[in-house]
There are 2 protein chains.
Amino acid sequence: MSQLDTVNRILDAAEVLFAERGFTETSLRTITSTAGVNLAAVNYHFGSKKELIQAVFERFLTPFTANLDQELTRRQAQLEASPGEQLEVDDLLQSLYRVALAGLAKEGRDPKRFMGLLGLAYTQSQGHLRRFIVSRYGPSYRRFAGQLANALPQVDPVTFYWRLYFMLGATIFSLSSFDAIEAILREDFGAESSLEETLARLAPAAAAMLTAPEPKDA
Amino acid sequence: MSQLDTVNRILDAAEVLFAERGFTETSLRTITSTAGVNLAAVNYHFGSKKELIQAVFERFLTPFTANLDQELTRRQAQLEASPGEQLEVDDLLQSLYRVALAGLAKEGRDPKRFMGLLGLAYTQSQGHLRRFIVSRYGPSYRRFAGQLANALPQVDPVTFYWRLYFMLGATIFSLSSFDAIEAILREDFGAESSLEETLARLAPAAAAMLTAPEPKDA
DNA sequence: CAGCAATTAAAACGTTTGTTTAACCGCTGA
DNA sequence: TCAGCGGTTAAACAAACGTTTTAATTGCTG
């Protein structure tokens, strides 16, 4: 087994286990025995458990962010070519969802697992992981937020940013526990929902939230 | 120190620490030393760490659910008195937010901490806590969901339930990390946001998401 | 004041955790 | 051929964990 195999086997096992149980609930012994490698291999190749966690996120977020940036550039060029045309917000969101999804699927990464990890990063990262993600992928995130803000010139900036977090919450929360929610709905209605269908529901709903009329203050 | 004091001191300390760091990241030694009680007191009064976690949620959710039920009953009676009048969804949401919030504040409980714990329950509860909450507070939740569904007769049931989870995600996610988000917005815009103001933004945004027109399928 | 049950206290229990050590293997370049 | 090095392995490390045990202490009741 080459060293490349060992590193990737650890990352594969850690990715699945972290998304299922969280970071502290997943021991290095569980990871290494699942991966079929020696316990010491984690500390040898990654240095520590924290650095392994960062490596798992790096492997996910780097191609994801690359796809995002590419799509944002494409949209920006298209906008400059025909500046008068107003972009539809739900179309923007849905195409972003689709592009990010397709990019992950192309690399054999499960999008639902990606969302599960993203949820972990927001709820279970006390310090080091949040700093790592912000410093590494913050610019792409701000570019996305800026382009979305430009498509909503009528919305007050502070209101927009709160709604952006509302939207992130709706997306990450519902997709990170997609399987559980889908199981409940299947039991209650007998209707199955694919991830694609759910994104097709989420995009217009999120767009409606972003474009809602401002609350009239007293 | 009476036994009632010991129990409440443990609950107070555990509540804060759980909301800050999560369950597994908070040790019983940290809880008991913060509370100023002996380590064994947790197992003596609660039996185990799992049962302590349930007790923390019980102390939060019981009065919260009582307030929720009371408000739902009030609305139902009001609806039967004047059945023709269509309820506004954002008004329904905002009054629920306000009632639940006021009930917690009346007992000296921090609503933001409550939301933090609620977020934990959704993302970090593997099994026992989820079962405990569903069995104990499931009926109230279903009653709330049913009343909300009745106010949205034009929305397809499956679409409604997905949007309900979108709304829950937006609410729990953004309010559980309210302080962090507010700090970012204060730095970027110099504009402070109170929890009340944020709820006044959230209610119409969530209502817009729930009442959005259905996506036209091919 | 004696006695009993409830509570608190200190100490130790066995596990599990992340990490480190040291021996060993297989390849590559001199 | 063999020294050297990156990689793997088994074993052990100290620390932290939840829990249990046993003894001391408290507060109330007869």
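The analysis underlying the following values was restricted to heavy atoms, covering all of them including side chains, and did not include hydrogens, waters or symmetry mates. To find a chain, count down the sequence lines: A is the first, B the second, and so on, and within it residues start at 1.
Pairs of residues two or more places apart, or lying in two chains, that qualify as side chain to side chain donor-acceptor pair (under 3.5 Å) and include a residue from residues 28-39 of chain B are Ser27(B)-Thr30(B).
Under the ring-ring contact (aromatic ring centres under 6.0 Å, His included) criterion, Phe173(A) pairs with Tyr122(B), sequence neighbours left out. By the side-chain contact (heavy atoms from CB on, under 4.5 Å) test, Val155(B) is found to be paired with Leu152(B), Thr159(B), Phe160(B), Arg163(B), Glu214(B), residues two or more places apart in sequence or in another chain being considered. In this structure, Glu51(A) has no salt bridge (charged side-chain N to carboxylate O under 4.0 Å, His left out) partners at least two apart in sequence or on a different chain. Partners of Tyr97(A) by ring-ring contact (aromatic ring centres under 6.0 Å, His included), not counting sequence neighbours: none found.
In this structure, the CD1 atom of Ile31(B) is 12 Å from the C1' atom of dC17(D), given to the nearest Å. Rounded to whole Å, the distance from CG on Leu52(B) to C1' on dT19(D) is 14 Å.
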Point to revise | Per-nucleotide protein contact string for nucleotides 15-21 of chain C, where B marks a base within reach and S marks sugar-phosphate only (heavy atoms under 4.0 Å, - for neither) | key: --BBBB-
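Put simply, His45(B) has a side-chain N or O that comes within less than 4.0 Å of OP1 or OP2 on dT8(C).
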